[in-house]
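Below is one structure, written out as structure tokens; the observations come after it.
Residues take their numbers from the sequence shown, with the count starting at 1.
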Amino acid sequence: RSDECQILLGSSYPRVCGLCGNANNNPVDEFQTKWTGKVVSSAARFGDSWRVGKVKECAKSSNLPWWKWRREYADRKDDATMTCEKMFASPQISDCSNGSHGLTPVDPKPYKQACIADHMRSDFLVDEAPGLSLACVAVSNYVVRCDNMGHKVHLWREETGCAGQENELMKQRKFIRELKSRF
């Protein structure tokens, strides 16, 4: 299983914008619920409306207490910001964000924000396996976008410190198996 999904629309489709863009140039109506089409302001309620499978299999996110992670992990923000800024300053990543070689630049801002947030919240193998940190996942998502725009990003793992080692991959797979067995 993968933890990401990418939807590419051909050039014959209108430009979409927003979470689940519907090509109406109105980013305010993105959180439309599945059955009623009602627009909700809560990401949790939006997500709950699109749950699949048996109703009792997944707890409703909107019923869970709000996690104040920014406050809980505030002491990690400086380190996370420094780590992510360094990653996004690597040569191939910078070329992508600057639009080098005549290619369209890709805005790194939302990916940097995700990198910082994910790095702050993550305790997963940070010291033992830096190549598998969630900051690397955020950078990886940016790299996929850059690659789609034609940028050469084949050395991004080495340049950002996300290359990792084979033993890291084994630890990650074991962690994922253990995590899945809990659910």
Taking every non-hydrogen atom, the tightest pair across [X] and [Y]:
X: A80; Y: I116; result: CB-O, 3.7 Å
X: G37; Y: Q32; result: O-CG, 3.7 Å
X: C84; Y: A135; result: SG-CB, 4.2 Å

Heavy-atom side-chain proximity of M87 to C162 below 4.5 angstrom: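 Yes. Closest side-chain heavy atoms under 4.5 Å.
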Does a side-chain heavy-atom distance below 4.5 Å link I93 with T160? yes
Find the distance between [atom1] ([X]) and [atom2] ([Y]) and round it off to the nearest 0.5 Å.
X: Y111; Y: S97; atom1: OH; atom2: OG; answer: 12.5 Å
X: H119; Y: M82; atom1: NE2; atom2: CE; answer: 8.5 Å
X: C136; Y: N141; atom1: SG; atom2: CG; answer: 11.5 Å
X: D118; Y: C115; atom1: CG; atom2: SG; answer: 7.5 Å
X: M120; Y: T81; atom1: CE; atom2: OG1; answer: 7.5 Å

For [Y], is there any backbone N or O sitting under 3.5 Å from a side-chain donor or acceptor partner on [X]?
X: T33; Y: F46; answer: no
X: H151; Y: T104; answer: yes
X: Q92; Y: L155; answer: yes
X: N98; Y: S94; answer: yes

Carefully, step by step, assess W156 and C96 under the rule side-chain contact (heavy atoms from CB on, under 4.5 Å). CA-CA 11 Å; W156 75 272; C96 179; over 6 Å; no
May I ask you to check whether Y142 and F88 place their ring centers less than 6.0 Å from one another? yes
